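On a predicted model such as this, the values are computed, not experimentally measured, just so you know. Any value given below was found using the heavy atoms of this structure, including those in side chains, with hydrogens, waters and symmetry copies removed.
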Amino acid sequence: MTFRSFIFLLVASLATTLSACKDDADLTVPAAGTLDIEVDNVVGTAPLALNTGTYFTPLGQQFTVSTFNYYISNVKLKKADGTEYAEPESYHLVKETDAASKAFTLNNVPAGDYTALSFVLGVDSVRNVSGAQMGALDPANGMFWTWNSGYIYTKMEGSSPQAGGNRQLIFHIGGFKKPNNTIRTVSPSLNGAVIQVRKDRNPTVHLAADVLRMFTGPNTINFTTLSNTMGGSSSVLVADNQAVGMFRVEHIHAN
């Protein structure tokens, strides 16, 4: 090989390498964005009003609500091609008495068009047995059974004339062990909409959580026979109702 041929091959090789580097730079992953989730607690089509609102079940049974808290955890977004984004450390305690708790933000969400949203209503089994925790999972929030070593996934309390005795309604839905596992994954329909996450776009998903759907669905709850449950088989009946109808997507703001 002559010296001139060697120089030619060296220059050609360098040009190819630089071109490949430029192509790799063009494949930069789009910047991540954020997604806001806001929840309104309702009873049917009416806003939930603690202590003052009077509501009726499909059986015509009257009730009021004094407490309504629940966990939304393990939030996931899915694209049409099946790829998913799962929020890390995804535990949110929603309390009707705390307006700030009814809105939270998913940060560093990979840019893309998401066609499905899902989350767990409750707390996964691993965290149920992980001992003292902080933040939303702090037992000081009043959503943990010290006597049963596990989280209360939904706490609904109130009253009903049909409840008999002291007329109290106490629905503390929890438990992760078979056959009374009440952890449920919820996948409310986006109604054909797409959640478009971009660096310069901050969409908001507005959810409605319907107290009424705790008492109707696969299982009709009659307060004369079931007005107090703290885990166990009765809580499974309520959890099954919640899974199929408690949450719905009201609308999505593209922002």
Side-chain angles (χ1 to χ4, degrees), residues 20-41 69-141 143-144 151 153-154 176 183-209 242-243 246-255:
C21 290
K22 181 177 183 300
D23 289 342
D24 288 343
D26 291 339
L27 296 177
T28 302
V29 176
T34 61
L35 172 65
D36 291 331
I37 295 180
E38 297 182 4
V39 188
D40 291 320
N41 295 324
N69 308 331
Y70 51 87
Y71 279 105
I72 290 176
S73 66
N74 295 272
V75 181
K76 294 182 180 180
L77 300 171
K78 181 182 288 187
K79 297 179 181 178
D81 63 6
T83 58
E84 284 188 335
Y85 165 76
E87 181 192 27
E89 285 300 305
S90 182
Y91 301 95
H92 308 277
L93 175 57
V94 179
K95 305 177 73 172
E96 175 58 24
T97 55
D98 182 3
S101 74
K102 292 185 281 187
F104 55 89
T105 300
L106 278 60
N107 295 301
N108 298 314
V109 179
D113 294 343
Y114 295 92
T115 57
L117 164 71
S118 68
F119 52 87
V120 168
L121 178 56
V123 178
D124 54 83
S125 59
V126 172
R127 289 304 182 99
N128 269 278
V129 296
S130 294
Q133 297 169 72
M134 301 298 291
L137 297 178
D138 191 329
N141 291 318
M143 295 290 285
F144 190 83
Y151 285 92
Y153 308 151
T154 302
F176 62 93
I183 298 172
R184 296 292 182 270
T185 297
V186 179
S187 303
S189 172
L190 299 185
N191 304 310
V194 175
I195 303 172
Q196 296 182 323
V197 177
R198 304 286 190 275
K199 179 183 179 181
D200 58 351
R201 184 176 297 171
N202 176 213
T204 302
V205 175
H206 290 261
L207 295 172
Q242 292 177 286
M246 183 168 146
F247 289 90
R248 62 180 182 265
V249 174
E250 295 283 73
H251 52 272
I252 299 173
H253 286 317
N255 292 1

Could you give me the CA-CA distance, side-chain angles and deciding distance for Leu207 and Val249, then say whether side chain to side chain contact (heavy atoms under 4.5 Å, CB included) is met? CA-CA 5 Å; Leu207 295 172; Val249 174; 3.7 Å; yes
Give me the atom names and distance for the closest heavy-atom approach of Lys95 to Lys102. O-CG, 4.1 Å
Side-chain contact, heavy-atom cut-off 4.5 Å: Met246 with Tyr70? yes
Under 4.5 Å between any side-chain heavy atoms of Tyr114 and Val109, yes or no? yes
Without swapping roles, check the side chain of Ser90 against the backbone of Val75 for a donor-acceptor pair under 3.5 Å. yes
So does Gly122 get a backbone contact from the side chain of Ser73, meaning a donor-acceptor N/O pair under 3.5 Å? yes
Quick check against the 3.5 Å criterion: does Tyr91 have a side-chain atom that pairs as donor or acceptor with the backbone of Val123? no
Do you know which two heavy atoms are closest between Asn41 and Glu96, and how far apart they sit? ND2-OE1, 2.8 Å
Is there a donor-acceptor pair closer than 3.5 Å between any side-chain N or O of Asn128 and the backbone N or O of Asp124? yes
For the atom pair CG (Asp113) and NZ (Lys79), what is the distance rounded to the nearest 0.5 Å? 8.0 Å
Would you mind reporting whether Val39 and Ile72 have side-chain heavy atoms less than 4.5 Å apart? yes
Sub-3.5 Å donor-acceptor pair from the side chain of Ser101 to the main-chain atoms of Val94, do we have one? no
Determine yes or no for a side-chain-to-main-chain donor-acceptor pair under 3.5 angstrom, with Asp138 supplying the side chain and Asn141 the backbone. no
Can you give me the closest heavy-atom contact between Ala254 and Arg201, atom names plus distance? O-CG, 3.1 Å
What is the minimum heavy-atom distance between Pro203 and Thr34, and which atoms define it? CD-O, 3.4 Å
Side chains of Arg127 and Leu137: does their closest heavy-atom pair fall under 4.5 Å? yes
Taking all atoms of both residues into account, what is the closest heavy-atom pair of Gly112 and Arg198, and its distance? O-NH1, 3.1 Å
Do Thr83 and Asp81 have side-chain atoms, one donor and one acceptor, less than 3.5 Å apart? yes
Atom NZ in Lys76, atom CG in Leu106: separation rounded to 0.5 Å? 13.0 Å
Pairwise side-chain contact, Tyr151 with Gln133, heavy-atom cut-off 4.5 Å (strictly under): yes
Side chain proximity check, Glu38 to His253, heavy atoms < 4.5 angstrom: no
Which distance, rounded to the nearest 0.5 Å, do you find between the CZ of Phe247 and the OG of Ser118? 12.5 Å
To the nearest 0.5 Å, atom OG1 of Thr154 lies from atom CD of Gln242 at 4.0 Å
One should read off an interatomic distance between Leu117 CG and Ile252 CD1, to the nearest 0.5 angstrom, of 8.0 Å
Arg248/Asp40 salt bridge by N-O under 4.0 Å criterion: no
CG/Leu121 to OH/Tyr71 distance, rounded to the nearest 0.5 angstrom? 12.0 Å
Look at the side chain of Arg184 and the backbone N and O of Val120, then say whether any donor-acceptor pair between them is shorter than 3.5 Å. no
